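Heads up, the thing below is written out as structure tokens.
No experiment lies behind these values; they were computed from the predicted model shown.
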Amino acid sequence: MFHSTGFRALLTLGWLAERVVASPAPTPRNDPSVSWGNCENFGINSTDSHLQCGFLEVPMDYHDSSSGTARLAVIKYASTLPKKLGTIFFNPGGPGGSGLAVIAGAGQAFSQGFQGAFDIVSWDPRGVGHTFPGAVTCFNSSEEDAGFWKHTVARYINETISGRFNKQDLEELYSQADLTQQKFKDFTGRCQNGPVGPYLKYLGTSSTVRDLVSLGDAIVGKDEPIDYWGISYGTVLGFNFVNMFPERAGHVILDGVVDPTGWVSFKLLRPSLVDTEKTYSGLTDACAKAGRAGCKLIEFTGDDASGHDVKALLNYAQDVILELYRDGVEVPVEPGFLKDSLYHLLQSPKTWGNYVNSYIYQFVAFALQASQVHNVTIDGGAKYNIPSGEFTIDKSFLSETGVTSPNLTSYASAAIVGADFNDNNTTIREVFDIIVNITREVTPTFGTVWDLGYTSYGWPVRSVERLPPFNPKQLKNPVLFIGNTADPITPFASAKKTASLLGDNAFLLEQLGFGHTSIAQVSSCTLSVMTNYFKDSTLPKGRIIQCPVDDTDLFPVLSGNTTVKRRLNLLQKRW
């Protein structure tokens, strides 16, 4: 998904590999095959016989047979019907998301959503998981990784700068420019010298498009149409698949759309965040509406709190921890973790109630108590109810939401974006300008969250095959574009803009809910449209429709049946 599977981002210094522009020529290869078996060798222990895994060998460079072969790790959740209707190829985004991990966890739910009528196939793209070239690791240990970035701007903005960018903040930020540029040069050098360094030039979207076509050749047959569903970055992959191989495009769904026209440049960041604050208001308004029966934060504000009041409380807690941190007081987590955690939560409304009522509640309670103990004087604090008792922040939240990982960080996201990127001239000071501008004009709450997209800065390696210009052609079926009303990272405007590029070859669906991609909330309407499209090519009349979500109760009454369990049960029924 277009999110932090490593940091996304956007700049380069310009040590370029040879450029070969992608062409729509057929992918040269021998007739391949996938030998399906169980998934134990991939670390997936499942007794579900419908879950199968295998490998597919493909050219490392589709234009140079002497480059050797790559090896794609592939997974399938097989149709549960006696006679399947087809095969849907799925990409979970990132870039750098593992198709194996997603299908191992959600393949059965996806299959049930499509009435068991299709094989659901995905894979680990190059630079990811069990595929070769594998994970892009740049450090020898998690400790070395964390130590390298500690107190750099990648953490510094959220650690010690308020993000309001007053005169002091700006001076602190821009004083780090030269050191930051050197730091990223050191970082990319480590990646080049890492185990995947020699293969970085074979990563990138063009190669992955060709890998998708090779998978289609192997699984559904050479020259047969390929049905595809991509979410988040998977929409960049899908759009370029349609552009490069229009004759192979079957039924294509682009869900949570990244603007492909901005993908290879720094211009992508600002428009991708235009609905972030709208989504955040959805969370805080839902909390206020639920009251203390469903949202424990209301204990601190009083029962007449609005969504704006809940935001003010969270801002106050952030500022307290930041001030204590600046004053050298030991705090349980870095100040930036509240913003990071909230940003990740925005993408999945199914988790809002559970995590707001646990981790975020604990964070705010700790901050309110600390403000009293340390006599913090920040405007507005006197109006909050100070909790009694002892509060410990449960850091298990961080691993459950993907904020941290016990394994070595994979920088596949940075490597894939860097491989695709075209901007070679932007300086780190211009990056800082973008951060300040986004914070002031687009999202004051989340504009400084670093992993919104900067760690490809100075990336020295370009893909051997560059993405081609958009060249629209008539398609067998219209492409189905899906966007949520309030998506914090791929706004509906991106789906609308990208659909307009295809004209009559596009159908646009707006899901009237929050979160990242259509699977963020259950919508029987959306699922019905998708299923009918894949089954028999039918779509509703017109070129655009709206679909409501089924469950709008985002902070249900607190009980032993936790929010997360309740949401997953609902998800399992329909998705």
Side-chain angles (χ1 to χ4, degrees), residues 20-29 31-32 58-59 62-63 85-91 93 95 118 121-123 125 204-264 420 463 465-483 494-509 529-530 532-539 543-544:
V20 178
V21 175
S23 69
T27 302
R29 55 171 298 98
D31 290 334
V58 297
Y62 283 89
H63 298 278
L85 295 183
T87 298
I88 299 170
F89 292 87
F90 174 77
N91 181 275
F118 298 89
V121 173
S122 192
W123 72 104
T205 301
S206 288
S207 295
T208 304
V209 167
R210 292 191 182 276
D211 289 345
L212 169 61
V213 175
S214 292
L215 286 165
D217 289 347
I219 295 170
V220 299
K222 212 170 181 63
D223 301 325
E224 292 297 317
I226 295 170
D227 290 345
Y228 174 82
W229 174 28
I231 64 174
S232 198
Y233 162 78
T235 67
V236 176
L237 178 63
F239 184 87
N240 282 286
F241 161 58
V242 169
N243 189 36
M244 292 168 62
F245 293 93
E247 74 285 356
R248 297 299 301 276
H251 303 93
V252 175
I253 296 179
L254 305 185
D255 181 353
V257 182
V258 179
D259 179 0
T261 64
W263 174 249
V264 294
D420 286 346
S463 174
E465 181 173 19
R466 312 298 288 145
L467 288 169
F470 176 55
N471 182 21
K473 296 182 175 66
Q474 187 63 39
L475 304 174
K476 297 183 181 74
N477 303 288
V479 174
L480 172 57
F481 290 86
I482 303 176
S494 292
K496 192 173 182 180
K497 175 183 176 181
T498 309
S500 70
L501 296 176
L502 294 184
D504 291 341
N505 286 318
F507 184 92
L508 181 61
L509 186 156
V529 171
M530 295 172 68
N532 291 334
Y533 174 64
F534 276 132
K535 286 178 68 176
D536 53 23
S537 304
T538 59
L539 286 167
R543 288 291 171 184
I544 181 170

Can you list the residues that meet the side chain to side chain donor-acceptor pair (under 3.5 Å) rule with [X], with sequence neighbours excluded?
{"X": "Thr205", "value": "Tyr233, Asp420"}
{"X": "Thr261", "value": "Asp259, Lys497"}
{"X": "Asp211", "value": "Tyr62, Arg126"}
{"X": "Asp536", "value": "Thr538"}

Between [X] and [Y], which heavy-atom pair has the shortest distance, and what is it?
{"X": "Leu501", "Y": "Pro472", "value": "O-CB, 4.4 Å"}
{"X": "Lys476", "Y": "Pro246", "value": "NZ-O, 4.5 Å"}
{"X": "Leu254", "Y": "Gly238", "value": "CD2-CA, 3.8 Å"}

Given 3.5 Å as the limit, does a donor-acceptor pair link the side chain of [X] with the main chain of [Y], or not?
{"X": "Asn477", "Y": "Gly250", "result": "yes"}
{"X": "Ser232", "Y": "Gly234", "result": "no"}
{"X": "Arg543", "Y": "Ala506", "result": "yes"}
{"X": "Asn532", "Y": "Ser537", "result": "no"}
{"X": "Thr235", "Y": "Ile231", "result": "no"}
{"X": "Asn243", "Y": "Pro469", "result": "yes"}
{"X": "Thr208", "Y": "Pro125", "result": "no"}

From [atom1] ([X]) to [atom2] ([Y]), nearest 0.5 Å:
{"X": "Glu247", "Y": "Ile226", "atom1": "CD", "atom2": "CD1", "result": "9.0 Å"}
{"X": "Gln474", "Y": "Asn505", "atom1": "CD", "atom2": "CG", "result": "4.5 Å"}
{"X": "Asp227", "Y": "Phe534", "atom1": "CG", "atom2": "CZ", "result": "6.0 Å"}
{"X": "Trp123", "Y": "Phe90", "atom1": "CH2", "atom2": "CZ", "result": "10.0 Å"}
{"X": "Phe481", "Y": "Ser494", "atom1": "CZ", "atom2": "OG", "result": "11.0 Å"}
{"X": "Glu465", "Y": "Ser207", "atom1": "CD", "atom2": "OG", "result": "6.0 Å"}

In the structure I gave you, are the side-chain heavy atoms of Ile219 and Phe89 within less than 4.5 Å of one another anywhere?
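The answer is yes; the side chains approach within 4.5 Å.
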Close side-chain approach of Met244 and Pro468, heavy atoms under 4.5 Å
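Yes, close enough: below the 4.5 Å cut-off.
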Sequence neighbours left out, what passes ring-ring contact (aromatic ring centres under 6.0 Å, His included) with Phe239? Give chain and number order.
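Expected list: Phe470.
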Pairing residues for Leu480 by the side chain to side chain contact (heavy atoms under 4.5 Å, CB included) criterion, not counting sequence neighbours:
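For Leu480 the side chain to side chain contact (heavy atoms under 4.5 Å, CB included) partners, ignoring immediate neighbours, are Ile253, Ile482, Phe507, Leu509, Val529, Met530, Tyr533, Leu539.
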Evaluate the salt bridge (Lys or Arg N to Asp or Glu O under 4.0 Å) criterion for residues Asp217 and Arg248: first the C-alpha distance (whole Å), next the side-chain angles of each, then the deciding distance (0.1 Å), finally the verdict.
CA-CA 10 Å; Asp217 289 347; Arg248 297 299 301 276; 2.9 Å; yes
Test side chain to side chain contact (heavy atoms under 4.5 Å, CB included) on Lys535 and Phe118; report intermediate values, then the result.
CA-CA 9 Å; Lys535 286 178 68 176; Phe118 298 89; 3.9 Å; yes
Please identify which of these residues, Asn91, Leu212, Val236, meets the side chain to side chain contact (heavy atoms under 4.5 Å, CB included) condition with Phe241.
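Filter result, single survivor: Leu212.
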